[in-house]
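From a predicted model like this one, the values you see are computed outputs, not experimental measurements. Side-chain atoms are counted along with the backbone in the values below, which use heavy atoms only and exclude waters and symmetry mates.
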Amino acid sequence: MYNRPQPVGRGAAPLSPEPVPNWCKLSRSDQVEIHRQGRPIASGRIDMLALDGSLLWLQQDEGKGRALFLHSDGLRVYRRPAARNA
């Protein structure tokens, strides 16, 4: 049986963040969550991203300032879905 996707609108459950293993696929201004060992350690907006995807600077949520994250540290990045205007 085919399950039709539910429309997104008022009252719909928020979409969950999508993993982005290749940091080169990220963009400045993406809203992301950074996870270490399956746990979120930071969230915010990408402020700067190295062209080779080796590092990113994150302007953290809640006024926590700017922080540097390295891909080589084994971190996972999850892109938050873009907010839709209802």
K.L.:
Which atom pairs, one a donor and one an acceptor, fall under 3.5 Å between side chains of residues 36-44 and the rest of the protein, sequence neighbours left out?
P.N.:
residue : atom : partner : partner atom : Å
Ser43   : OG   : Asp61   : OD2          : 2.8
Ser43   : OG   : Arg80   : NH2          : 3.0

K.L.:
Who are the salt bridge (Lys or Arg N to Asp or Glu O under 4.0 Å) partners of Arg76, not counting sequence neighbours?
P.N.:
none
K.L.:
I want to check something: taking the side chain as every heavy atom from C-beta on, are Trp23 and Val32 in contact at a cut-off of under 4.5 Å?
P.N.:
no
K.L.:
So which pairs with a foot in residues 42-65 pass ring pair (Phe, Tyr, Trp, His ring centres under 6.0 Å), sequence neighbours left out?
P.N.:
none
K.L.:
side-chain hydrogen bond (donor to acceptor under 3.5 Å, both in side chains) with His71: which residues, sequence neighbours excluded?
P.N.:
none
K.L.:
Test: ring pair (Phe, Tyr, Trp, His ring centres under 6.0 Å). Region: residues 28-50. Which pairs qualify, not counting sequence neighbours?
P.N.:
His35-Tyr78
K.L.:
Under the side-chain hydrogen bond (donor to acceptor under 3.5 Å, both in side chains) rule, collect the residues that match up with Asp52, sequence neighbours excluded.
P.N.:
Ser54
K.L.:
How many angstroms lie between CG in Leu49 and CG in Leu26, if you round to the nearest 0.5 Å?
P.N.:
6.0 Å
K.L.:
Quick check against the 3.5 Å criterion: does Asn22 have a side-chain atom that pairs as donor or acceptor with the backbone of Cys24?
P.N.:
yes
K.L.:
Looking only at non-hydrogen atoms, find the nearest pair between Ser16 and Pro81 and report the distance.
P.N.:
O-CG, 3.9 Å
K.L.:
In chain order, what residues pass the side-chain contact (heavy atoms from CB on, under 4.5 Å) check against Leu51, with sequence neighbours excluded?
P.N.:
none
K.L.:
Leu70 and Met48: same hydrophobic cluster, using ILVMFWY side-chain contacts below 4.5 Å?
P.N.:
yes
K.L.:
Nearest 0.5 Å please: distance from the CD1 atom of Ile34 over to the CD atom of Gln60.
P.N.:
9.0 Å
K.L.:
Among Leu56, Leu55, Asp47, which residue satisfies the side chain to side chain contact (heavy atoms under 4.5 Å, CB included) criterion with Leu68?
P.N.:
Leu55
K.L.:
Hey, could you give me the CZ/CD distance between Arg45 and Gln59, rounded to the nearest 0.5 Å?
P.N.:
6.0 Å
K.L.:
Lys25: what forms a salt bridge (Lys or Arg N to Asp or Glu O under 4.0 Å) with it, not counting sequence neighbours?
P.N.:
none
